[in-house]
Amino acid sequence: MQKEADLIYVRADKLFAAQWHCQYRIDVVHDQYAQTTNFFMDIQRKGHRERSIPLHTLQTTDLEILEQVIGALKIQTQLSLNFINFGHVRWPESQRWVR
């Protein structure tokens with residue numbers, strides 16, 4: 001799981017350039033049809049359209065694996081994480097809501 005988090009971090013870091021009036025976040029999207037979890041870098045500059053750039057796709061929707069990847073990713077980056085299409089579920093280990 002550390003390799004997956006490292007790969008996402010390296011790709012996001014290449015896209016990050018600290019600029020005035022610019023918001024960055026990582027979107028974590030649950031794809032129930034393909035049974036995957038997708039990671040996107042979301043960039044919003046003031047006065048510009050929002051950009052969503054694909055970073056990586058996990059070939060699983062297992063929350064235990066995803067929780068480990070997210071935990072490792074949170075250690076490496078301070079970017080906000082936005083969880084999309086997860087519904088009302090809790091993380092298996094911490095029992096916190098997926099938000």
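Remember, predicted model here, so these are calculated numbers, not experimental data.
Across all non-hydrogen atoms, the minimal contact from Tyr24 to Ala17 is OH-O, 2.5 Å. Residue Thr37 comes nearest to Phe86 through the heavy atom pair CG2-CZ, 4.4 Å, listed as atom of the first residue, atom of the second, then distance. Scanning both residues, Gln2 and Ala72, for their nearest heavy atoms gives OE1-CB, 3.5 Å. The minimum heavy-atom distance between Cys22 and Ile43, with the atom names listed, is SG-CG2, 3.8 Å. Of all heavy-atom pairs between Met41 and Leu79, the closest is CE-CD1, 3.9 Å. The two atoms that bring Phe39 and Leu73 nearest to each other are CE2-CD2, 4.4 Å, heavy atoms only.
Shown here are the side chain to side chain contact (heavy atoms under 4.5 Å, CB included) partners of Pro92, two or more places apart in sequence or in another chain: Leu63, Glu64, Glu67. With sequence neighbours excluded, the residues forming a side chain to side chain contact (heavy atoms under 4.5 Å, CB included) with Asn85 are Val29, His30, listed by chain and number.
Around atom CD of Gln95, more than 12 heavy atoms belonging to other residues, nucleotides or ligands sit under 6.0 Å away. Within a 6.0 Å sphere centred on CD of Gln44, other residues, nucleotides and ligands contribute more than 12 heavy atoms. Within 6.0 Å of CD on Glu93 lie no more than 12 heavy atoms contributed by other residues, nucleotides or ligands. Within 6.0 Å of the CZ atom in Arg51, the count of heavy atoms belonging to other residues, nucleotides or ligands does not exceed 12.
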